[in-house]
Amino acid sequence: MRNKRKFHFSEYFQSLLLLGVLLVLVVLLSIYSDAFMTGKNWMNILKNHMAHQLILAVGMTFVISTAGIDLSVGSILALSGIILAFALNAGMAIPLAVALALFSAAAMGAVNGLLVANFRINPLIITLGSASVFRGLAIIVTGGTPIYGMPQEFLQLAKGDYWLPIPVLMAAVVLGAALVLSHCTKWGRYTLALGSNCEALRRLGVNVAWQKVSVYALSGFLAGVATLIISARLNTAEATAGSGMEMNAIAAVIMGGTLLSGGKSTLFGTTVACLLLSVIKNGLTMLSVDAQYQEFIIGMLLLLAVVVTDLRQKRLKRSGGDAAPGAAIPKSCSCDAGSDKKTV
Amino acid sequence: MDTVIASEPPLLATEGIAKRFGNIRALQGVDFSVCAGQIAAIVGDNGSGKTTFIKILSGNLRPDSGTIWIQGVSHAFLTPKQSLAAGISTVYQDLSLDDYRDVAANIFLGEELTYGGLFLRKKEMTRIAGDLIRDLNIGIPDITLPVGSFSGGQRQAVAVARAVYHGKKLVIFDEPTAAMGVRESAAVLRLIRSLAQKHMAIIIICHNLHQVYEVADQVSIMRHGKILQTTSTADTPLEQLQQMIIDADEVD
Ligand SMILES: Nc1ncnc2c1ncn2[C@@H]1O[C@H](COP(=O)(O)OP(=O)(O)OP(=O)(O)O)[C@@H](O)[C@H]1O
Ligand SMILES: [Mg+2]
């Protein structure tokens, strides 16, 4: 009997596939452009393209691994950014304003979580609705006009260097904490179990409703962290901030190999996918390719990643093993409402 | 129940437990009891309410009416936490496993060993899980693989190991040997007997009457959400019990 955990290659297939694509891309781009393979450009990729995207995608990885989805992170990002700007303009101390923004972002996430935990409604619908609500609020309170001008010290969040650029450090801390959370704590285990067998978790005495609330709250909180980077970089808070970012985050998570049906996630895959997407954005800008192509290429890559993985799994497993990452629609899981409600 | 000392109160008893699912009356007044050290079997047709009944004992369903006594304390219903805290653990018919996780993660799900309540003690959990599976004498070549890749019997073994490890006073088995081979079933039955010898109470649901007779002290026949009869296996030969089940059929 084996007791030692060994490296299961197939668990990492999709991440490694992406890593391969990334390597090819890096080689091609360095041939085409001398400016690509420079330390300055790589810092630019990490700081301006990847940092906020990875932070959002880490939160999304947790949400998707519960068999849920969070379409509201872009809206939470916008609304908490506006709260931040109002607080700063009202003369609140920067640490306080930041704490307020993070707290309100987490609270918005918790609202999603409460709705998901207490109603038998698909999280897709719930967060689609809350996304509109939060975005709508952002437009109402700003009257649709961007809020320019933040205190100089606050802008350091984006410009500052502390051995590494601060956004990169923030993303690294978030990723590190997420890795520990997911692999070394009960919370990480329970989050995954929500996706693979929520009912079993409930039977074993775990408060699954609270667990769900905490996952969505974390996703909201991380949207708040991302808003710090973005509003400091643009020196602006606006109601349209972050729109579409939830889709990029979802794409990165799924491309990385996390199952949309829940129960299995890979932060490594999410990170590689975010890096790949960032390199594509940077590369296309360098080659002065139209921004419209970005969308096209990201979509093709997402399809490639899931189709290749599915083909491989079909070949490997005659019996029904893992589903392909994109194979299942997220199901609403509200087993905490009690299995005796099934008849309702 | 001649095996039970009259002065000892039952570890667990129920009175008039009823449960409806919409129009289906799954349970209609179940009176049942089991004492420490005793193995009580429940047999009955498919859909007679056995699983529903044990889900009420494990805190997964709320009965519409009735009372549950645990060591003399009455409850209208239990939550999963209360049931576990009372020392009740359960092997569910559907096994309740997290298919993407390995054996140790499944055995300790909800009861993880941690450093300071925070960080998982993975090595220790894997070691204990390995020992448990070895004691059960069921061949699982690699316990670090996700249990979703196991055979039906191996998965059942993991569920049994979990319940046995966490059960303190009462272990409930809902068809624990359904997917197992002869050798593996024998191992599980042996394990059940050894638990009873350690003064634990056991409830076992099983369709195989021979297996029931191998371990159980008392057998309850369940039908249409009621317990029709409870007899001691020592007093009633297997053939007679079989006849009683068939007769119960004709009464309707
Ligand atoms: N969650 C539920 N919703 C609706 N009906 C249910 C539910 N659970 C059980 N039932 C019904 O209650 C009745 C009893 O089911 P139960 O699972 O307790 O039977 P059982 O005795 O365990 O059967 P088996 O031997 O097949 O496992 C059945 O008619 C079943 O359809
Ligand atoms: Mg059953």
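Since the structure is predicted, the reported quantities are computational estimates derived from the model, not experimental observations. Lettering of chains follows the sequences in order, A, B, ..., and the numbering in each one begins at 1.
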TODO: Would you confirm whether Thr144(B), through its side chain, and Asp102(B), through its main-chain N or O, come within 3.5 Å as a donor-acceptor pair?
DONE: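 Between the backbone of Asp102(B) and the side chain of Thr144(B) there is no qualifying donor-acceptor contact (under 3.5 Å).
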- [ ] Among the options His166(B), Lys81(B), Glu111(B), pick out the one with the most heavy-atom pairs lying under 4.5 Å from chain A.
- [x]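 Of the options given, most contacts go to Lys81(B).
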Open item on the list: Which residue in the set Gln93(B), Lys50(B), Gln156(B) passes side-chain hydrogen bond (donor to acceptor under 3.5 Å, both in side chains) when paired with Glu175(B)?
Closed with: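 In the set Gln93(B), Lys50(B), Gln156(B), the residue that makes a side-chain hydrogen bond (donor to acceptor under 3.5 Å, both in side chains) with Glu175(B) is Gln93(B).
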Side chain, backbone, both or neither: which part of [X] has an atom under 4.5 Å from a heavy atom of chain A?
{"X": "Asp94(B)", "value": "side chain"}
{"X": "Arg121(B)", "value": "neither"}
{"X": "Ser149(B)", "value": "neither"}
{"X": "Gln82(B)", "value": "neither"}
{"X": "Leu84(B)", "value": "side chain"}
{"X": "Leu97(B)", "value": "backbone"}

TODO: May I ask you to check whether over 12 heavy atoms, not counting those of Lys226(B), lie within 6.0 Å of atom NZ?
DONE: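 Atom NZ in Lys226(B) is not packed in, count stays at 12 or less.
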Task: CZ/Phe103(A): more than 12 non-hydrogen atoms of other groups inside 6.0 Å - done: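 No.
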- [ ] Determine, for Asp174(B) against Lys55(B), whether the closest basic-nitrogen to carboxylate-oxygen distance falls under 4.0 angstrom.
- [x]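 Result for this pair is no, no salt bridge flagged.
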Task: Pair Asp45(B) + Arg223(B): basic N to acidic O under 4.0 Å - done: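 Looking at Arg223(B) together with Asp45(B), the answer is yes, because their closest N to O distance falls below 4.0 Å.
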